[in-house]
Amino acid sequence: MWGGKKRLYSATKFILYTAGGSVFLLMGVLGIGLYGSNEPTFNFETSANQSYPVALEIIFYIGFLIAFAVKSPIIPLQTWLPDTHGEAHYSTCMLLAGILLKMGAYGLVRINMELLPHAHSIFSPWLMILGAIQIIYAASTSLGQRNLKKRIAYSSVSHMGFIIIGIGSISDMGLNGAILQIISHGFIGAALFFLAGTSYDRIRLLYLEEMGGMAIPIPKIFTMFSILSMASLALPGMSGFIAELIVFFGIITSQKYLLMTKILITFVTAIGMILTPIYSLSMLRQMFYGYKLFNAPNSYFFDSGPRELFVSISILIPVIGIGIYPDFIFSLSVDKVEAILSNFFYR
């Protein structure tokens, strides 16, 4: 009902993708629940202790992987995301970027790693390669987007690549970094979409080349947008930096891969981290600097009110808090991570 011109097309595409992925999810859940016992059991503990024949485990793994690859977009299943983000109302975009994408990564950690460890150790090199490709691909595609929301959408696809690499690295640091990146990008992505929506409410423009010079009429939005763009490009002191750094350490300390592989993947991801500031800062430059809207009629330019400042600051506080003291998240996740990884090293 709300959204851009192509909203019907985007909504249909979104429903087809998510429903198609959920079919695989349903089949995998039913297979795991019905396997090996007379009565179906969906208890997580019993499923975690169950061992499957390798071929069956690989089939289950592929089913769950397709389902979660649609949700937390892993290339080549990411095409619904830019369309949906580009057309949807910004509150929907916040829900998508902050919650839905993170549920896919959570499912990869909980179901694919915990329930199906043998298959995961087979598939994890491919996950690493996919994550590295995805970081580069989405960052370079984001540069070519004229639509503001689509640019932020591709940036969130690029940041999900770090989560995939952390999950594929099967190391203590890597998985902790992936969980931290899930939380941190949930905050940063939602806040960026919120600010894109508030600035769209002011000027009713979505294409970057029509904007410019907005920093002078709306300085508060400009300030928040700058801070959160910096957080998105992994500025030290923000949560994105610490998460991506720990994912890097996770690649390097992983015991599963040869040295050359680790060097190659680290190199590719580092190129992706160089591409991230390019699109973030060029987005800032096209929106806020220059003089294009400087002489525009000032009737519809009013700066953000207390409500919008409250929302964006309350999203900003955890971002800076995690960046300064990430042990708070690690203290919650480290025991579970060790429990998951014990499946891989002590069986």
Side-chain angles (χ1 to χ4, degrees), residues 10-36 40-44 46-48 50 52-85 88 92 95-131 133-134 137-138 153 156-170 175 178-179 181-182 185-186 189 336 340 343:
S10 309
T12 315
K13 192 172 185 177
F14 177 58
I15 282 187
L16 286 177
Y17 262 95
T18 30
S22 306
V23 170
F24 290 100
L25 185 66
L26 178 70
M27 292 195 291
V29 167
L30 286 178
I32 282 187
L34 300 174
Y35 177 78
T41 169
F42 293 109
N43 188 352
F44 214 87
T46 50
S47 311
Q50 180 89 16
Y52 308 95
V54 174
L56 187 68
E57 192 168 326
I58 288 176
I59 291 172
F60 283 159
Y61 189 92
I62 290 175
F64 282 120
L65 185 65
I66 291 174
F68 296 134
V70 173
K71 281 268 177 281
S72 67
I74 303 176
I75 341 179
L77 298 173
Q78 91 296 2
T79 49
W80 59 271
L81 185 104
D83 280 327
T84 312
H85 272 321
T92 320
L95 284 179
L96 277 179
I99 298 169
L100 183 83
L101 271 65
K102 309 302 170 274
M103 287 322 293
Y106 174 78
L108 276 177
V109 176
R110 283 288 287 194
I111 295 181
N112 287 20
M113 283 192 81
E114 205 173 341
L115 265 54
L116 310 165
H118 300 338
H120 184 77
S121 60
I122 296 173
F123 276 95
S124 56
W126 302 105
L127 278 183
M128 296 271 278
I129 294 170
L130 268 182
I133 294 173
Q134 172 166 338
Y137 162 77
S156 74
V157 176
S158 169
H159 286 297
M160 292 306 278
F162 284 100
I163 300 176
I164 298 157
I165 285 186
I167 291 172
S169 71
I170 315 189
L175 194 50
I179 291 171
Q181 173 77 327
I182 289 175
H185 185 260
K336 189 65 198 168
I340 291 177
N343 293 339

Item to complete: Carefully, step by step, assess Thr79 and Tyr17 under the rule side-chain contact (heavy atoms from CB on, under 4.5 Å).
Response: CA-CA 9 Å; Thr79 49; Tyr17 262 95; 2.4 Å; yes
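- No side-chain heavy atom of Val109 sits under 4.5 Å from any side-chain heavy atom of Glu114.
- Ring geometry for Tyr52 against Tyr35 counts as tilted: the plane angle lies between 30° and 60°, on a 0 to 90° scale.
- The CE atom of Met160 lies 12.5 Å from the CD atom of Gln78; values are rounded to the nearest 0.5 Å.
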Practice prompt. Please lay out, stage by stage, how Thr84 and Thr92 fare under the test side-chain contact (heavy atoms from CB on, under 4.5 Å).
Written response: CA-CA 9 Å; Thr84 312; Thr92 320; 6.0 Å; no
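- The two atoms that bring Pro73 and Leu101 nearest to each other are CD-CG, 3.7 Å, heavy atoms only.
- Within the 4.5 Å cutoff, no side-chain heavy atoms of Leu108 are placed close to those of Met113.
- When every heavy atom of Asp83 is checked against every heavy atom of Ser10, the shortest pair comes out as O-OG, 3.4 Å.
- For Glu57 (side chain) and Ala119 (main-chain N/O), a donor-acceptor pair under 3.5 Å exists by modelled atom type.
- Summarising the geometry, atom NZ belonging to Lys102 is positioned 10.0 Å from atom CG belonging to Leu96; distances are rounded to the nearest 0.5 Å.
- Environment of OH in Tyr106: sparse, with no more than 12 heavy atoms of neighbouring residues, nucleotides or ligands closer than 6.0 Å.
- In this structure, Ile167 CD1 and Ile74 CD1 are separated by 7.5 Å, a value rounded to the nearest 0.5 Å.
- When all heavy atoms are compared, the tightest approach of Arg110 to Lys336 is NH1-CE, 3.0 Å.
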Worksheet item: Where do Phe64 and Ile32 land on the side-chain contact (heavy atoms from CB on, under 4.5 Å) test, with the steps shown first?
Response: CA-CA 11 Å; Phe64 282 120; Ile32 282 187; 3.5 Å; yes
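- Under the 3.5 Å distance criterion, the side-chain polar atoms of Trp80 are matched with a main-chain donor or acceptor of Val70.
- The distance from atom NE2 of His120 to atom CG of Asn112, rounded to the nearest 0.5 Å, is 7.5 Å.
- Rounded to the nearest 0.5 angstrom, Leu65 CG and Phe24 CZ are separated by 11.0 Å.
- Closest approach of Pro125 to Ser121, counting heavy atoms only: CD-O, 4.0 Å.
- Contact between Gly21 and Ala67 at its shortest, heavy atoms only, is O-CB, 3.3 Å.
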Fill in: Audit row: Ile163, Ser72, side-chain contact (heavy atoms from CB on, under 4.5 Å) steps and yes/no
CA-CA 10 Å; Ile163 300 176; Ser72 67; over 6 Å; no
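- Distance CG/Leu25 to CD1/Ile111: 6.5 Å, rounded to 0.5 Å.
- Heavy-atom minimum distance, Val157 versus Gln134: O-NE2, 2.8 Å.
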